[in-house]
Engineer: 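Okay, here's the structure, questions in a sec.
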Amino acid sequence: MQYWIMKSEPDVFSFDDLKKRPGQKEAWDGVRNYQARNFMRDQMKVGDIVLFYHSSCPVPGIAGLAKVASKSYPDPTQFDPKSEYYDEKATPEKPRWFLVDVAYYKDIPFISLEELKKHKELEDMRLLQKGNRLSILPVSPEEYKFIMKL
DNA sequence: GCCAACGTTGGC
DNA sequence: GCCAACGTTGGC
């Protein structure tokens, strides 16, 4: 079992939005970065815990907990010419982009980025590294435990 | 295979 | 809206 951070812009899709979805579940589509794709395709397992992170907003931070709710499968938006995520080089026979379903797991008090930065124990977190732009990142068990005690 | 140009991310 | 960081693209 692994831990992850998945970023989303709350204006586009927030943790509350996830809770309101049918089955409180959503396909994490639109990821178009190979490293992030590889995490979903190769490493995520059903039941992995996801820190749902709000980015590009007035107060960035961890908004709640979710779980990986499916194995990885091809992102259907890559085949849809009308989608903004359409990829003309992808075919159903040779899909390029993969995703997993993510399901609501648990409410926690909001933990801001500012708060995370205060703790020496978290200074090596990939999320906090300078220049990090990946929308999906692994979180170590130690980091997860520490964050849950904040 | 190099690398410059360009685009995107995301905090501030 | 700015800008640093970094990924991707495409010419050579």
Engineer: Write down the distance between CG (A:Asp11) and C1' (B:dG10), rounded to a whole number of angstrom.
Structural biologist: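 Going from A:Asp11 (CG) to B:dG10 (C1'), I get 13 Å.
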
Engineer: From CG of A:Leu128 over to C1' of B:dG10, roughly how many Å is that when rounded to an integer?
Structural biologist: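 The distance from CG of A:Leu128 to C1' of B:dG10 comes to 13 Å, rounded to the nearest Å.
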
Engineer: How many whole angstroms separate atom CD1 of A:Ile136 from atom C1' of C:dG7?
Structural biologist: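 Going from A:Ile136 (CD1) to C:dG7 (C1'), I get 16 Å.
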
Engineer: I'd like to know if A:Glu142 pairs up with A:Lys145 as an ion pair, taking the criterion as any Lys NZ or Arg NE/NH1/NH2 lying under 4.0 Å from an Asp or Glu carboxylate oxygen.
Structural biologist: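 Between A:Lys145 and A:Glu142 there is no salt bridge, as every charged N stays at least 4.0 Å from the carboxylate O atoms.
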
Engineer: Looking only at the side chain of A:Lys130 (C-beta and beyond, no hydrogens), which of the listed nucleotides C:dA4, B:dT8, B:dG10 gets closest?
Structural biologist: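 Nearest listed nucleotide: C:dA4.
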
Engineer: Rounded off to whole Å, could you give me the CD-to-P distance for the A:Glu88 and C:dT9 pair?
Structural biologist: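 It is 11 Å, rounded to the nearest whole Å.
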
Engineer: What integer distance in Å separates A:Tyr85:OH from B:dG7:P?
Structural biologist: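 That distance rounds to 19 Å.
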
Engineer: Can you measure from CG (A:Leu113) to CG (A:Leu128) and round to the nearest 0.5 angstrom?
Structural biologist: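 Rounded to the nearest 0.5 Å, the CG-CG separation comes to 6.5 Å.
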
Engineer: To the nearest 0.5 Å, what is the distance between NZ (A:Lys67) and NZ (A:Lys106)?
Structural biologist: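 One gets 9.0 Å once the value is rounded to the nearest 0.5 Å.
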
Engineer: Nearest 0.5 Å please: distance from the OH atom of A:Tyr105 over to the CG atom of A:Leu18.
Structural biologist: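 Rounded to the nearest 0.5 Å, the OH-CG separation comes out at 14.0 Å.
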
Engineer: A:Met125 CE to B:dG11 P: how many Å, rounded?
Structural biologist: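 Between P of B:dG11 and CE of A:Met125: 13 Å.
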
Engineer: Find the distance A:Asn132:CG to B:dT9:C1' and express it as a whole number of Å.
Structural biologist: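 That distance rounds to 9 Å.
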
Engineer: From the set B:dC12, B:dG10, C:dG7, return the single nucleotide nearest to any side-chain atom of A:Asn33.
Structural biologist: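 Nucleotide nearest to A:Asn33's side chain: C:dG7.
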
Engineer: A:Tyr53 side chain N/O closer than 4.0 Å to the phosphate oxygens (OP1, OP2) of B:dG11?
Structural biologist: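 Looking at the OP1 and OP2 atoms of B:dG11, one of them is under 4.0 Å from a side-chain N or O of A:Tyr53.
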
Engineer: Starting at atom CZ of A:Arg133, determine the distance to atom C1' of B:dG11, rounded to an integer number of angstrom.
Structural biologist: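 Atom CZ in A:Arg133 sits about 13 Å away from atom C1' in B:dG11.
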
